[in-house]
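Take a look at the structure below.
Values in this document were obtained by computation on a predicted structure and should not be read as measured data.
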Amino acid sequence: MKSFRSNVDVASFALLLLLALMSTTSSAHLSSTFYNKACPNALATIRKSIRTAVSSERRMAASLVRLHFHDCFVQGCDASILLDDTATIIGEKNALPNLNSVRGYGVIDNAKAAVEKLCPGVVSCADIVAVAARDASVAVGGPSWAVKLGRRDSTTASKTLAESSLPSFLDSLESLTNRFAGLGLNVRDLVALSGAHSIGQAQCFTFRARIYNETSDIDANFASTRKSSCPAEANVGNANLAALDLVTPNQLDNNYYKNLIQKKGLLASDQVLYSGGSTDSIVSEYSSKPAKFNADFATAMIKMGNINPLTGSKGQIRRICSALNY
């Protein structure tokens with residue numbers, strides 16, 4: 001009898017533990033309807049802010065998509081990239097991949113301020129960054145998707161992790177594949193998300209070596225055109241900008257993939273996607289099937305937005321996106 005009772009107790013404990021784990025897991029799920037009751041006008045308010053910003057500067061759309069990307073790849077999608085340095089936090093804004101490169105902080109601050117007027121302390125900065133990326137895509141003719149919501153904001157940031165985790169413009173296909181795989185993103189996600197380089201601009205120092213030293217994997221006329229605004233001399237004109245896509249620089253579309261097939265990828269890390277490797281077939285597919293690119297880009301953005309979010313009681317809802325609540 002004692003043995004039977006003991007077995008029942010063990011089984012009951014195991015069941016309670018399972019139910020507790022299921023409860024924890026389900027509460028960690030993000031939902032596109034998260035703010036429907038708590039702040040029903042949040043998304044419309046964010047959308048208005050993003051439309052205003054992009055209409056003032058078309059390039060801002062690319063910057064907002066990139067901001068979301070650079071946030072999610074470091075600690076997960078937790079708005080850690082927005083934190084300013086303090087005596088106790090060495091943040092990500094000054095990490096080499098972000099310094100004088102990542103933009104859009106002020107746009108997020110404006111959207112946050114507008115939402116705070118409606119629903120103080122309800123909508124996280126991490127969610128605003130995610131929604132802003134979607135709205136920015138739509139503003140320049142790109143795909144839309146249902147953003148999963150319910151993220152909370154981190155209380156930490158890491159310059160060191162940003163410098164080791166974010167992809168480089170010099171990365172090989174193998175390196176890119178490994179970086180993405182480490183975050184649960186597959187090769188198709190990699191190629192689809194790279195399509196964000198259909199918009200935006202790059203600084204001269206990121207493509208100087210490609211246009212001056214590469215000979216076999218770059219179109220000669222393309223390289224010549226790019227040299228006009230990017231001097232060969234090191235540290236001369238480093239910040240000079242060039243559109244990632246010369247044909248439709250302000251439209252998020254599949255022309256990026258057509259460029260790669262023509263050996264007109266501006267960054268080395270772009271061209272490796274179509275250079276005789278395993279991703280050539282996906283690039284070819286997207287170049288001829290814009291609807292497929294749009295669908296896969298949206299799917300990949302949702303997957304990326306689900307990287308290690310803080311939910312439940314973890315983190316906080318920052319009142320100001322660049323600083324912790326005290």
Side-chain angles (χ1 to χ4, degrees), residues 27-54 56-57 60-61 63-95 98-99 102-136 147-159 161-162 304-326:
S27 68
H29 287 173
L30 304 179
S31 168
S32 59
T33 61
F34 188 83
Y35 295 114
N36 280 13
K37 293 182 178 179
C39 193
N41 292 320
L43 299 188
T45 302
I46 297 169
R47 185 184 309 117
K48 182 179 179 181
S49 289
I50 303 311
R51 285 179 174 174
T52 299
V54 175
S56 298
E57 183 193 6
M60 186 54 68
S63 298
L64 292 171
V65 173
R66 186 166 182 252
L67 182 64
H68 185 35
F69 181 95
H70 279 228
D71 181 36
C72 291
F73 265 60
V74 183
Q75 296 190 174
C77 307
D78 60 0
S80 59
I81 194 172
L82 304 181
L83 287 173
D84 287 336
D85 287 357
T86 67
T88 57
I89 294 177
I90 301 177
E92 299 160 24
K93 287 184 176 181
N94 292 318
N98 298 332
L99 183 63
V102 168
R103 307 166 68 244
Y105 300 118
V107 175
I108 299 301
D109 288 342
N110 290 341
K112 173 66 171 176
V115 171
E116 282 292 299
K117 290 180 180 178
L118 292 178
C119 316
V122 174
V123 182
S124 69
C125 299
D127 276 345
I128 292 174
V129 171
V131 173
R134 187 272 310 277
D135 292 345
V147 179
K148 301 295 181 66
L149 303 165
R151 302 169 191 80
R152 289 169 64 84
D153 301 322
S154 71
T155 56
T156 63
S158 176
K159 178 182 179 183
L161 193 58
M304 185 184 76
N306 202 37
I307 295 174
N308 299 326
L310 298 174
T311 57
S313 61
K314 297 178 181 178
Q316 61 181 217
I317 306 297
R318 293 185 212 139
R319 291 187 292 272
I320 299 173
C321 289
S322 59
L324 300 181
N325 300 338
Y326 290 107

Mind listing the closest non-hydrogen atom pair of [X] and [Y] along with its distance?
{"X": "Asp71", "Y": "Ala79", "answer": "OD2-N, 2.9 Å"}
{"X": "Leu82", "Y": "Tyr105", "answer": "CD2-CD2, 3.7 Å"}
{"X": "Cys321", "Y": "Ile108", "answer": "SG-CG2, 4.2 Å"}
{"X": "Ala126", "Y": "Cys77", "answer": "CB-O, 3.7 Å"}
{"X": "Val147", "Y": "Ala130", "answer": "CG1-CB, 3.9 Å"}
{"X": "Ala136", "Y": "Val65", "answer": "CB-CG2, 4.4 Å"}

(message) Applying salt bridge (charged side-chain N to carboxylate O under 4.0 Å, His left out) as the test, list every pair that has at least one member in residues 112-125; sequence neighbours left out.
(response) Lys112-Glu116

(message) Strictly by salt bridge (charged side-chain N to carboxylate O under 4.0 Å, His left out), give each pair with a member in residues 317-326 just once, sequence neighbours left out.
(response) none

Roughly how far, to the nearest 0.5 Å, is [atom2] of [Y] from [atom1] of [X]?
{"X": "Tyr35", "Y": "Leu118", "atom1": "OH", "atom2": "CG", "answer": "13.0 Å"}
{"X": "Asp153", "Y": "Leu310", "atom1": "CG", "atom2": "CG", "answer": "8.0 Å"}
{"X": "Ile81", "Y": "Phe73", "atom1": "CD1", "atom2": "CZ", "answer": "12.0 Å"}
{"X": "Asp127", "Y": "Lys148", "atom1": "CG", "atom2": "NZ", "answer": "12.5 Å"}
{"X": "Arg134", "Y": "Arg47", "atom1": "CZ", "atom2": "CZ", "answer": "6.5 Å"}
{"X": "Ile90", "Y": "Leu161", "atom1": "CD1", "atom2": "CG", "answer": "13.0 Å"}

Side-chain heavy-atom pair [X], [Y] within 4.5 angstrom cut-off:
{"X": "Leu43", "Y": "Leu149", "result": "yes"}
{"X": "Met304", "Y": "His68", "result": "yes"}
{"X": "Leu30", "Y": "Asn306", "result": "yes"}
{"X": "Leu83", "Y": "Ser154", "result": "yes"}
{"X": "Ile317", "Y": "Arg152", "result": "yes"}

(message) With a sphere of 6.0 Å drawn around CD1 of Ile320, does it hold more than 12 non-hydrogen atoms of other residues, nucleotides or ligands?
(response) no

Going by the rule side-chain contact (heavy atoms from CB on, under 4.5 Å), which residues pair with [X] if we only count those two or more places apart in sequence or in a different chain?
{"X": "Ala95", "result": "Pro97, Asn98, Lys159, Ala162, Glu163"}
{"X": "Asn110", "result": "none"}
{"X": "Thr155", "result": "Gln316, Leu324"}

(request) Give every residue pair that meets the side-chain hydrogen bond (donor to acceptor under 3.5 Å, both in side chains) criterion with at least one member in residues 77-89, sequence neighbours excluded. (result) Gln75-Asp78, Asp78-Ser80, Ser80-Glu92, Asp84-Lys93, Asp85-Asn94, Thr86-Thr88

